[in-house]
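Sequence positions, counted from 1, serve as the residue numbers for this chain. Just so you know, these numbers use all the heavy atoms, side chains as well, and skip hydrogens, waters and symmetry mates.
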Amino acid sequence: MGRMLSRLYMGLIGAVLLAPIVVIIGVSLNEKKRLLFPPQGLSVAWYGEMLQDPEWVGALSNSVIIAVLAAALSVSIALPMAWYLWRWNPRWGRALYTLGIAPFILPPVVSALGFLIFWQIIGLYGHIAATIVSHGIFFVTLPLVNIALGLASIDRAAVEAARTLGADERTVFRTIVLPLARPYIISGYAFAFVLSLNEYIVAYMVAGSTVETLPIKIFNALRYGYTPVMASVTVLFVLVAALVFSLVAWRGDLPRLLGATRPPR
């Protein structure tokens, strides 16, 4: 009886979580140019319109460029920071780690306002570089946490053995640390990529409508009414996120990469 109730409860939670996605998919396939559910007729014309409209394609290109470069910047910041904290374990390491995860502790609008003021002062407000750097800093928490988990799972005895045999720090990092931490580096990049692709507040505050990403394009399009094209874009977001996380799960232990389980000692 208890197991049946548990399954029923979990099934109910799954249904509640999946319901919005099912509705959005149904709306995106609606034949009429209205947000109707259940759909009245089936058509994929709105996906074609999304990919043929220069404005939507431009927003998609901006989103992908920003997400790819911002995620790379996040990893390039997080990797040396996590390595330094794990290798040397300084007394003020906890403070440095807290600084690295601060963007996720603060409300997004606070970080966005700080970026806005900074880019206005140096004269780069409205440039795509401002959005890339802002996202790279804002999402550094994700690869930092993931890489820190990966480094914590490395047996220090193997590292010390390599040093005893004459390997320098660069060789140890290249031959031992980097291969063992690679799945965590990749997952950190993937998480930062997906969230950058979907982020709105920071992107809007530092670039406004000058650099229109897909989330900004959706909000701007709302001024002219609701169309199934918006639902098609949402489905695209869901598919990209599902694909990225599926690849991460396929190549590694997703719960551990997300920090849900402790790494082995």
Side-chain angles (χ1 to χ4, degrees), residues 64-106 111 129 131-199 240-265:
V64 172
I65 292 171
I66 291 170
V68 168
L69 297 179
L73 178 59
S74 294
V75 171
S76 67
I77 296 172
L79 180 57
M81 183 184 297
W83 159 253
Y84 175 78
L85 294 174
W86 178 78
R87 172 65 182 88
W88 304 106
N89 192 24
R91 287 181 296 179
W92 42 274
R94 185 174 296 274
L96 181 60
Y97 184 81
T98 302
L99 181 63
I101 64 175
F104 263 38
I105 297 176
L106 297 173
S111 299
T131 307
I132 293 171
V133 175
S134 298
H135 274 191
I137 296 173
F138 186 66
F139 292 116
V140 73
T141 301
L142 300 165
L144 177 61
V145 171
N146 275 268
I147 295 171
L149 286 171
L151 295 178
S153 67
I154 297 176
D155 187 357
R156 289 183 178 271
V159 176
E160 295 302 326
R163 293 197 185 100
T164 301
L165 294 173
D168 57 16
E169 290 292 340
R170 182 179 300 179
T171 303
V172 170
F173 178 81
R174 178 173 52 85
T175 60
I176 297 178
V177 175
L178 190 59
L180 293 176
R182 185 176 292 117
Y184 298 87
I185 297 172
I186 295 174
S187 64
Y189 179 93
F191 298 151
F193 172 83
V194 170
L195 289 188
S196 175
L197 201 65
N198 290 272
E199 201 280 328
V240 170
L243 175 63
V244 170
F245 289 131
S246 297
L247 291 175
V248 171
W250 177 52
R251 299 298 299 176
D253 187 343
L254 185 59
R256 183 183 298 169
L257 295 174
L258 289 170
T261 58
R262 295 181 64 85
R265 294 287 183 179

Nearest-0.5 Å distance that lies between atom [atom1] in [X] and atom [atom2] in [Y]:
X    : Y    : atom1 : atom2 : result
I186 : I147 : CD1   : CD1   : 10.5 Å
M81  : L96  : CE    : CG    : 5.0 Å
I185 : L79  : CD1   : CG    : 4.5 Å
L151 : Y84  : CG    : OH    : 14.5 Å
H135 : L197 : NE2   : CG    : 10.0 Å
W86  : I154 : CH2   : CD1   : 5.0 Å

Compare every heavy atom of [Y] with every heavy atom of [X], then report the nearest pair and how far apart it is.
X    : Y    : result
F193 : V240 : CE2-CG1, 4.2 Å
S196 : F139 : CA-CE1, 3.6 Å
L73  : G136 : CD2-CA, 3.9 Å
Y189 : V68  : OH-O, 3.0 Å
I132 : A70  : O-CB, 3.5 Å
V140 : S74  : CG2-O, 3.5 Å

| message | Given 3.5 Å as the limit, does a donor-acceptor pair link the side chain of T141 with the main chain of G100, or not? | response |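 Checking the backbone N and O of G100 against the side chain of T141, a donor-acceptor pair under 3.5 Å is found.
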| message | Tell me whether S134 contacts the main-chain N or O of T131 through its side chain, where contact means a donor paired with an acceptor under 3.5 Å. | response |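 No: the side chain of S134 does not pair with the backbone of T131.
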| message | Can you tell me if R94 has over 12 outside heavy atoms packed within less than 6.0 Å of its CZ? | response |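 Count not over threshold, so no.
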